[in-house]
2 protein chains.
Amino acid sequence: MAERAGQKARESGGRTAGLDFPRPLTTVDVVIFTIRNDALHVLLVQRGAGDNEPFPGAFALPGGFVDIARDRDLEACALRKLKEKTGVVSPYLEQLGSWGSAARDPRFWSATHAYFALLPASIADRALAADAQWFPLVGERVKPKLAFDHDEILAAAVQRLRNKVEYTSLPAYLMAEEFTLPELQRTYEIVLGRPLEKSAFRTRMLSADLIEPIAKMRKGPNRPAQLYRLKAAKEPVYFARTFNPPE
Amino acid sequence: MAERAGQKARESGGRTAGLDFPRPLTTVDVVIFTIRNDALHVLLVQRGAGDNEPFPGAFALPGGFVDIARDRDLEACALRKLKEKTGVVSPYLEQLGSWGSAARDPRFWSATHAYFALLPASIADRALAADAQWFPLVGERVKPKLAFDHDEILAAAVQRLRNKVEYTSLPAYLMAEEFTLPELQRTYEIVLGRPLEKSAFRTRMLSADLIEPIAKMRKGPNRPAQLYRLKAAKEPVYFARTFNPPE
DNA sequence: ATACTTAGTTGTACTGTCGAACTTACTTAG
DNA sequence: CTAAGTAAGTTCGACAGTACAACTAAGTAT
């Protein structure tokens, strides 16, 4: 329907200011994070070796062209790609930014809308697509050289994540349904790459209206720990201060 | 060059996965803020009354189609549109996000890349385009109903600005070359919509490596005030705490 | 029983904001 | 010339939250 309108306008050949412009390619890419083995990981897919595709065989962020017939909007497109690769349907998903230039795709002027998602490791391990694979992060990069400008996008995603972790509750979305405070703190420390003060962390997390204790306790080889879960609100909490800065 | 490659691929009619997808319209819009008469203002342009254009006569954010022949990348496109409307060539410019859906433009599936810019009032008043006009902000809106989903984009820009003002030095980019600390504080207060503590504001601004005093003083009807200017670094400063929160 | 480990608490020092009162420098009214 | 007014800038005590370290608690392993 909307397409027909566009076709008509284009076929009419009139100076309809804009519909006549050559259109950039429009894609969506998703940077999907999770924590495995005490390290931040990102999901990459290996590209096919077809001759018409750029960067054959290279690794890339999950993503691809917007399908105007199936994708109601950009976020729906991101969710579709995320579901195709991981099976996950309701992750924490946030828009990261957009990258568009004449140079980033050898085929044509192209613009990508980048999202980033946080998944609990427990969910992330189920039902990965055949061409998808988790890679640990080395600093802000990943070992293989990525296709397009995906190295740059990944670096921006990591930076954004680290930045927001300083003053928000984002790491809570990397946790399983039930978790203990020390586990949450460890997640913060993994993402930030530096240790945090135990008591300050506790008082902050407990005074924030973010988590609630549940009746159960986590038993282990040592003293049992109180289990918590996220409160109903899905929105992240913003703290008034950053954590003890590295100096 | 890049265009030719695209044309070829399309003409070949091969299943080149992606180049065959119908492409969304790609635009860039810029939310340009300044402060006039102790109030936050945004720049709007009035759309022409041509029959082929949607929302004829309505006000909209400055923006339009990406011109792949002239725009090296998205930011260059935003800078071009900003210069066309204001003459300003080196503002504070930050990407805001992107909005894309089948519904936002009645003509076709379209995606816009939104930026927001901060201009000092002194610069902003020079050389406005004929169809451009400053509008004061009422909350997160503006009086006229805007074209497309620009009301939503504007609201997001205001929210982002207010948010970042809590813990960054962004308002410094709304100041003239030379300014006093009380003037800077007033700018913060205008953007935030609430008063700030004088002494805390001073110690924070002075201990941040952001501004430097210059030899001159601003004379007025009362005690003269020390003049400051932004330090060389163009990047905004992030504070470790937010300002006294409203509750 | 004893040592070890991790969860969680307590207490002191310190930093920066809050809030108000104060000093300083200039203008204007009488 | 003096007194009142105004805005710039400083000072000070109260307070909140963090830093750091020492402590208690509850389990396992030997």
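Each chain gets a letter, A, B and so on, in the order its sequence line appears, and its residues count up from 1. Computed over heavy atoms, backbone and side chain alike; hydrogens, waters and symmetry mates excluded.
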Chemist: Might you list the N or O atoms of the protein lying below 3.5 Å from N or O atoms in nucleotides 27-30 of chain D, with each pair's distance?
Modeler:
{"unit_1": "D/dT28", "atom_1": "O4'", "unit_2": "A/P221", "atom_2": "O", "d": "2.5"}

Chemist: Strictly by modelled atom types, are A/Y92 and A/E94 linked by a side-chain donor-acceptor pair under 3.5 Å?
Modeler: yes

Chemist: Please report the distance, rounded to the nearest Å, between CZ in B/F201 and C1' in C/dG16.
Modeler: 15 Å

Chemist: Rounded to whole Å, please give me the gap between CZ in A/R194 and P in D/dC20.
Modeler: 11 Å

Chemist: Just to verify, what does A/R104 make a side chain to side chain donor-acceptor pair (under 3.5 Å) with, not counting sequence neighbours?
Modeler: A/S110, A/D149

Chemist: Do B/S199 side-chain and C/dG19 base share a donor-acceptor contact under 3.5 Å?
Modeler: yes

Chemist: Quick one: A/I211 CD1 to C/dG8 C1', roughly how many Å, whole number?
Modeler: 14 Å

Chemist: With a 3.5 angstrom cut-off on both distances, give the Watson-Crick or G-U wobble partner of D/dA29, or none if there isn't one.
Modeler: C/dT2

Chemist: State which of C/dT17, D/dG9, D/dT18 makes the closest approach to the side chain of B/K198.
Modeler: D/dG9

Chemist: For DNA chain C, which residues in residues 174-192 of chain A have a heavy atom at a distance below 4.0 Å?
Modeler: A/P182, A/R186

Chemist: Calculate the interatomic distance between B/L206 atom CG and C/dT17 atom C1'; express it in whole Å.
Modeler: 15 Å

Chemist: Could you state the CE-C1' distance from A/M205 to D/dG17, rounded to the nearest angstrom?
Modeler: 14 Å

Chemist: Measure the distance from CG on A/L227 to C1' on C/dG8 and round it to the nearest whole Å.
Modeler: 15 Å

Chemist: Using the closest heavy atom to pick a nucleotide of DNA chain C for each, name whichever of A/M217 or B/R241 lands nearer the 5' end.
Modeler: A/M217

Chemist: If we check salt bridge (Lys or Arg N to Asp or Glu O under 4.0 Å) with A/R229, which of these qualifies: A/E178, A/E177, A/E212?
Modeler: A/E212

Chemist: Would A/R204 count as a cation-pi partner of A/F239, with NZ or CZ less than 6.0 Å from the six-membered ring centre and within 45° of the ring normal?
Modeler: yes

Chemist: Once you round it to whole Å, what is the distance between C1' of C/dA13 and CD of A/E197?
Modeler: 13 Å

Chemist: With a 4.0 Å cutoff (strictly under), does any side-chain N or O of B/R202 reach OP1 or OP2 of D/dG9?
Modeler: yes

